[in-house]
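Below you'll find the structure, written out as C-alpha cells, and then a few comments.
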Number of protein chains: 2
Amino acid sequence: MTAEYEDDPAAAVLVALADPTRRRILDALAARGAATATTLAAELPVTRQAVVKHLAVLDQAGLVTAHRVGREVRYRPATPALAATARWMAGLADAWDRRLLAIKHLAESGGAVPPEGDEGGGAVE
Amino acid sequence: MTAEYEDDPAAAVLVALADPTRRRILDALAARGAATATTLAAELPVTRQAVVKHLAVLDQAGLVTAHRVGREVRYRPATPALAATARWMAGLADAWDRRLLAIKHLAESGGAVPPEGDEGGGAVE
DNA sequence: GCGATTAGCAACCCATCGGTTGCACGTTGC
DNA sequence: GCAACGTGCAACCGATGGGTTGCTAATCGC
C-alpha cells in the first residue's frame, strides 16, 4: 500500500473488489491460506502475468500481504482492510437512513431541511 | 436492478461504488434526500448525460430508486443494497479469518490442510 | 556447475468505460 | 398555443484496464 488512495482506504478496496478475476484470486487465496502467483495462475483462466498485476492491485488495497521465501513470493489474504471497509459501508448505510428519516420528518412538520447536520459515517469521498 | 448481476448482488454494488463520481452522486443524493439528474449535474463537474449514465448503474445495483413526477425523474438513495453488501463483506472477512486460523492450527499440529470445509460467508464469486 | 523453475520487466492489443455533443420527444405553464 | 424546461436516445471520443507475449535475471536441486 504505497499511496494513490491515501485519502480513503475504502476506495482502494472497492476498486480492487470490483473485478471478478480479483475476487476469484482472493477466494483461492483464502482457501489455500497462501499461494504464489504461478500457483494461482494454474487454476485460473488467465496468465501468470495477469495474476501478478491483480495481486499488485490487491496489495495496494491492503487485501493481501506478500512474503518472499527464497525465489518465490508467497501471497496471503489480509482481513483488516476488508473488515474496515465493511464497517465503513455499514456506517454509511446507517448515516443515509438517519438522514433520510430526518428529512422525511421535517417535510411532514412543514419545516425546511437543514443542509448538512450529519455525521457518524462521514461522506463517501 | 434488471439482471446482468443476478448471481451476486454484491458484485453490482462493488462495481457501482468503485467509481468516485458515482460516490459523489450518492453523497449528494443522501444529503438532499432526493434529486433529479439535472439538479445533480449542476453541482458536479460533469454533464447531465454523464450523471444519467451513472444513475443507471446505481439503479441496477439497487443503490437508488427512481420515481417519475410529471416531466422530471426524482432519484432517491436506497440503503438495503448497501447494508446487504456491508454484511456480505463482514461475513467474508470472518470466513477468511476462521479459515486462516484453522490452517495455522493444522500446520502446527503437523496435519494436512482440508480443502474446503468452510461456510458462513460463502465464496466471493 | 548447469538445467529447470520462478519472479520481474516492458511493450503491445483490444474492449470497456467515463464523458461529451447533438437532437428529438414529452411537460409545464403562462 | 407556444416557448421554456427536462428527459431520452444515439453517435462518437480518449483513456484506462485487463490481458497477452517475449525476454531477462535470480534461485533452486542435484
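Please read these numbers as outputs of a predicted model, since none were measured by experiment. Proteins get letters first, then strands, A, B, ... in listed order; numbering begins at 1 in each.
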| Would you say the side chain of A/Lys53 and the base of D/dG17 hold a donor-acceptor pair, judged only by whether the two atoms sit under 3.5 Å apart? | no
Hits for side-chain hydrogen bond (donor to acceptor under 3.5 Å, both in side chains) against B/Asp19, two or more places apart or cross-chain, chain-then-number order -> none
When rounded to the nearest 0.5 Å, the distance separating OH of A/Tyr75 from CG of A/Asp59 is 6.5 Å
| said: Assess the residue pair A/Arg98 and A/Asp94 against the criterion (salt bridge (charged side-chain N to carboxylate O under 4.0 Å, His left out)); give the C-alpha distance rounded to whole Å, side-chain angles, the decisive distance to 0.1 Å, and a yes or no. | reply: CA-CA 6 Å; A/Arg98 287 204 311 274; A/Asp94 224 55; 3.3 Å; yes
One should read off an interatomic distance between B/Leu63 CG and A/Trp96 CH2, to the nearest 0.5 angstrom, of 6.0 Å
To the nearest angstrom, the CZ-P distance between B/Arg24 and C/dG18 comes to 16 Å
Whole-Å distance, A/Glu72 CD to C/dG8 C1', equals 15 Å
Between A/Leu26 and the options A/Thr21, A/Leu82, A/Leu17, the side-chain contact (heavy atoms from CB on, under 4.5 Å) test singles out A/Leu17
Rounded to whole Å, the CG-P distance (A/Asp19 to C/dA15) equals 17 Å
Do any side-chain atoms of residues 47-58 of chain B form donor-acceptor pairs under 3.5 angstrom with protein atoms, and if so which ones, sequence neighbours left out?
| from | atom 1 | to | atom 2 | distance (Å) |
| --- | --- | --- | --- | --- |
| B/His54 | ND1 | B/Arg22 | NH1 | 3.2 |

Per the under-4.0 Å heavy-atom filter, residues of residues 41-51 of chain A near DNA chain D come out as A/Pro45, A/Val46, A/Thr47, A/Gln49, A/Ala50
Side-chain N or O of B/Thr21 versus OP1/OP2 of C/dG19: is the shortest distance under 4.0 Å? yes
Hey, are B/Glu43 and B/Arg24 close enough for a salt bridge, meaning a charged N less than 4.0 Å from a carboxylate O?
-> no
- Message: Just N and O in the side chain of B/Thr36: are any of them under 4.0 Å from OP1 or OP2 of D/dG6?
- Response: no
Hits for side-chain contact (heavy atoms from CB on, under 4.5 Å) against B/Arg71, two or more places apart or cross-chain, chain-then-number order -> none
**OP:** Check whether any side-chain N or O of B/His54 sits under 4.0 Å from OP1 or OP2 of C/dG19, and answer yes or no.
**Re:** yes
Residue set satisfying salt bridge (Lys or Arg N to Asp or Glu O under 4.0 Å) with A/Arg74, at least two apart, ordered chain then number -> A/Glu72
Could you tell me whether B/Arg22 contacts a base, only the sugar-phosphate backbone, or nothing, with contacts defined as non-hydrogen atoms closer than 4.0 Å? sugar-phosphate
Separation of C/dT6 atom P from A/Leu40 atom CG, nearest Å, is 13 Å
In whole angstroms, the gap separating P of C/dC9 from CG of A/Leu55 amounts to 15 Å
Counting primed atoms, P, OP1 and OP2 as sugar-phosphate and everything else as base, the B/S/- map of nucleotides 25-30 of chain D against protein heavy atoms under 4.0 Å is --BS--
